[in-house]
Amino acid sequence: MALRLFNTLRRQVEEFIPFDAEDKNVGMYCCGPTVYDYGHIGNFRTFVFADLVRRYLAFKGFTVNHVMNITDVEDKIIRRIAESGTPLAEFTGRYTDAFLEDLDILKCLRPHQLPRATNFIPQIIDLIVRLEKRGIAYRTSDGSVYFGIAAYRTCGCQYGQLVQLDPDAQRQTERISGDEYDKENASDFALWKARVSQDGSVFWESPWGQGRPGWHIECSAMSMALLGPSFDLHLGGEDLAFPHHEDEIAQSEGSGLQQCGRPFVKHWLHASHLLVEGKKMSKSLGNYYTVRDLVTQGFSGREIRFLLLRAHYRETFNFTLEGLEGARVALNRIDVLLGRLTELTESIPAAPTDSVSKLPIKVAEALDDDLNVSRAWASVFDWVRDTNVALATGRFQPTDAARELAGWHLIETALGLGRKLDQPTPPEILERVKARTAAKLAHDFVKADLIREELRSLGWTVEDTKTGAKPKRL
Ligand code: AMP
Ligand code: ZN
C-alpha cells in the first residue's frame, strides 16, 4: 500500500511520492534545536515524530537522507552568552552534546547530517547576495539586509503558501529584525543583521559589513546546500509553519535556483504541540520537563518515547506524569509478552516456517494512513491480547513464537522502542553510586546510607556485587 501523508502546503492528505520515485531516494530536512538550553519533551515530540517518519520511510523501502540543523547562532543564544560570558562555541557545543545524548536516550536514530549554522556562513552570504541581485533583498542604512516581500510578489511568487495570510493585516512597509514574530506582523524580515554592541564577539565579515545571519536564512542555506534546491520532505513543529517555514520558502524560491516548475519542498509535515494543562509546553511558560528531569524521576527513554508516539502527530496531546505511568504499564505488557515468546523459542529450537505474523501488515496499514499511530497501537495491543490467549491454551509452538517475534522485530524497526534491557543507566544515578562507593571507602557510612536513600527516592537501589556496586531499578 502507498504511504499517504498530510501535506501542509495543500492542506490535504496525499500520496507521498518523492522526486526520485524510481530509485526511492528521499531528502528529508527537519528543523533542529536552537541550542541555548536543554530541549524539553515538547521539542522532542517533534524530533521523535521526525524519527518515526524516517524509520517508516526506511521500512517502506526508501533510502532516506535525514538532515537536521543545529541553530547555533540566534537572538536567544546571543542573549544567553552575553549573560553568562561563555564563548559562543563552548556554550552551543555544551547544549548540542546534551541534545544528541537526549536523542540517544529517546532511541532516535542520529540524523545522517547535523549541519551547524556557523559552519555555513559562506553559503548563507551567497544566498543573500543572490537575493539582493534579484532585487528581492535590500540593505538598510545600518548595514543590515532585509527580505522584501513586495518585490518577491512582483516576481510572481506567493508569500503565504503554508498559512493563509490576510493581506490587509500585513504591514509590508514595516520591518522585523527579531527572529520570531507573529502572523499579524508579516513584514519584511532580516536576512543579515548588522553588528550591534550586544552581539559582543559574535559577528562575521560580509559584503554588507560585520554582522550575523537571521534565523530563517540559515535553514534555507543549509537545506539547499545539503539536499539541493528542491527536496522531498520538510518537517517541524506547527509553530514553525509561520513565519519560519514561510520565510524559508520565500528565500529559497526567491533565489530562483529550482528547476522550472519545481517547488523548494514537495511535502511539508508539521507536528502539533505537546501541551501541559491545555497550554503549549514551552520555556517561556515554565511548564516544561526536560528528558533529564524525567529520567531522574526514574522513567526510561523508551517510556517517554512510547508516550510521545501514542497520539497522532496532528493532534495536540496533553502531557501528564500519570500518562507516563500509563505508558510504563502498557509497555510492560508488550515486554512481558516478548519475554514469554523469547523463552519459548529458546526452550526448543524452532523449526523454520513459511507462515508470517499478521502484526506488521496491520501496523503498516495504519501507518500508511497518515501515520495513524493510534490505530497502529490498537493493532499491537490486539496482538498482545490474542497472543497471550494463544499461549495460555498451551498449543502455541516454538515456531509460532518465532514467527510472532519476527513480526514484532520487523515493525519494531519503524517504532524504534528497542529492548527493555537496552536502557542505559542515567548519568546522575551513576554519579550517586560512585559517590556512595567513595563514601563507603572513606568509612563515611552515614553519607553512604543517605545516598542510598536518595537513590531509592529516585526509583533506584544499589546491589553490592563482587565486581562493585551496581545500580538497579526498583
Ligand atoms: P526550538 O529549539 O525552539 O527551535 O524548537 C525545536 C522544535 O521543537 C521545533 O520544531 C518546534 O516547533 C518544536 N516545539 C517547540 N515546542 C513544542 C511543543 N510544545 N510541542 C511540540 N513541538 C514543539
Ligand atoms: Zn528551520
Side-chain angles (χ1 to χ4, degrees), residues 8 28-53 67-77 79-80 92 95-96 98-100 102-103 106 108 111 113-117 120 124 127 162 178-180 189 213-227 231 233-252 264-265 268-291 304 307-319:
T8 317
M28 163 172 155
Y29 186 92
C30 180
C31 289
T34 306
V35 281
Y36 68 101
D37 203 343
Y38 296 112
H40 57 67
I41 56 160
N43 301 129
F44 282 101
R45 180 185 193 193
T46 296
F47 302 132
V48 168
F49 162 64
D51 184 63
L52 174 72
V53 172
V67 179
M68 183 186 283
N69 71 295
I70 302 287
T71 299
D72 62 353
V73 54
E74 189 258 4
D75 296 350
K76 287 193 286 285
I77 296 176
R79 277 201 297 275
R80 290 280 173 102
T92 57
Y95 291 112
T96 304
F99 170 71
L100 296 177
D102 288 351
L103 273 191
L106 294 176
C108 293
Q113 298 181 80
L114 284 158
R116 287 156 170 75
F120 280 77
I124 292 171
L127 185 55
L162 292 172
D179 282 327
E180 292 170 83
F189 54 91
W215 170 37
H216 315 299
I217 196 77
E218 295 175 7
C219 279
S220 285
M222 287 186 277
S223 61
M224 291 203 290
L226 297 173
L227 294 171
F231 56 92
L233 264 179
H234 196 314
L235 287 80
E238 61 180 340
D239 56 326
L240 297 193
F242 190 90
H244 185 57
H245 290 161
E246 195 62 51
D247 290 350
E248 268 190 55
I249 295 178
Q251 297 157 149
S252 308
F264 163 49
V265 171
W268 287 87
L269 295 185
H270 289 98
S272 291
H273 281 148
L274 189 69
L275 308 180
V276 181
E277 284 157 26
K279 295 209 176 76
K280 177 187 168 189
M281 180 177 284
S282 73
K283 290 272 158 59
S284 54
L285 293 173
N287 59 352
Y288 66 92
Y289 290 92
T290 63
V291 173
I304 305 168
L307 181 71
L308 295 178
L309 283 179
R310 292 248 17 209
H312 189 261
Y313 73 95
R314 286 194 289 119
E315 275 169 22
T316 52
F317 173 48
N318 212 34
F319 174 82

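Every number for a ligand or one of its atoms is a count from 1 in the order of the listing.
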Please determine which of His234, His245, Arg314 meets the side-chain hydrogen bond (donor to acceptor under 3.5 Å, both in side chains) test together with His270. His245

Protein N, O or S within less than 2.8 Å of the Zn ion (ligand 2), waters excluded: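 As for protein N, O or S atoms lying under 2.8 Å from the Zn ion (ligand 2), they are Cys31 SG, Cys219 SG, His244 NE2.
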
[X] side chain vs [Y] backbone, donor-acceptor pair below 3.5 Å:
{"X": "Gln113", "Y": "Leu226", "value": "no"}
{"X": "Gln251", "Y": "Ile217", "value": "yes"}
{"X": "Asn287", "Y": "Ser282", "value": "yes"}

In the structure I gave you, are the side-chain heavy atoms of Leu233 and Tyr29 within less than 4.5 Å of one another anywhere? no

Minimal non-hydrogen separation, Glu248 against Trp268, with atom names: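 Glu248 and Trp268 have their closest heavy atoms at OE1-CH2, 4.4 Å.
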
Evaluate the salt bridge (Lys or Arg N to Asp or Glu O under 4.0 Å) criterion for residues Asp37 and Arg80: first the C-alpha distance (whole Å), next the side-chain angles of each, then the deciding distance (0.1 Å), finally the verdict. CA-CA 9 Å; Asp37 203 343; Arg80 290 280 173 102; 3.5 Å; yes

Can we call the ring centroids of Phe99 and Tyr38 under 6.0 Å apart?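 Judged by ring-centre distance (under 6.0 Å), Phe99 and Tyr38 do not meet the cut-off.
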
What does the contact table look like for ligand 1 (nitrogen or oxygen on each side, cut-off under 3.5 Å)?
unit_1   : atom_1 : unit_2 : atom_2 : d
ligand 1 : 2 (O)  : Thr34  : N      : 3.1
ligand 1 : 4 (O)  : Thr34  : OG1    : 3.1
ligand 1 : 5 (O)  : Asn43  : ND2    : 3.4
ligand 1 : 8 (O)  : Asn43  : ND2    : 3.1
ligand 1 : 10 (O) : Gly237 : N      : 3.0
ligand 1 : 12 (O) : Gly237 : N      : 3.2
ligand 1 : 12 (O) : Asp239 : OD1    : 2.3
ligand 1 : 19 (N) : Leu274 : O      : 3.1
ligand 1 : 19 (N) : Met281 : O      : 2.9
ligand 1 : 20 (N) : Gly42  : O      : 3.3
ligand 1 : 20 (N) : Leu274 : N      : 2.8
ligand 1 : 22 (N) : Gly42  : O      : 2.9
ligand 1 : 22 (N) : Thr46  : OG1    : 2.8

Evaluate the criterion side chain to side chain donor-acceptor pair (under 3.5 Å) for residue pair Ser272 and Thr316; output intermediate values, then yes/no. CA-CA 5 Å; Ser272 291; Thr316 52; over 6 Å; no

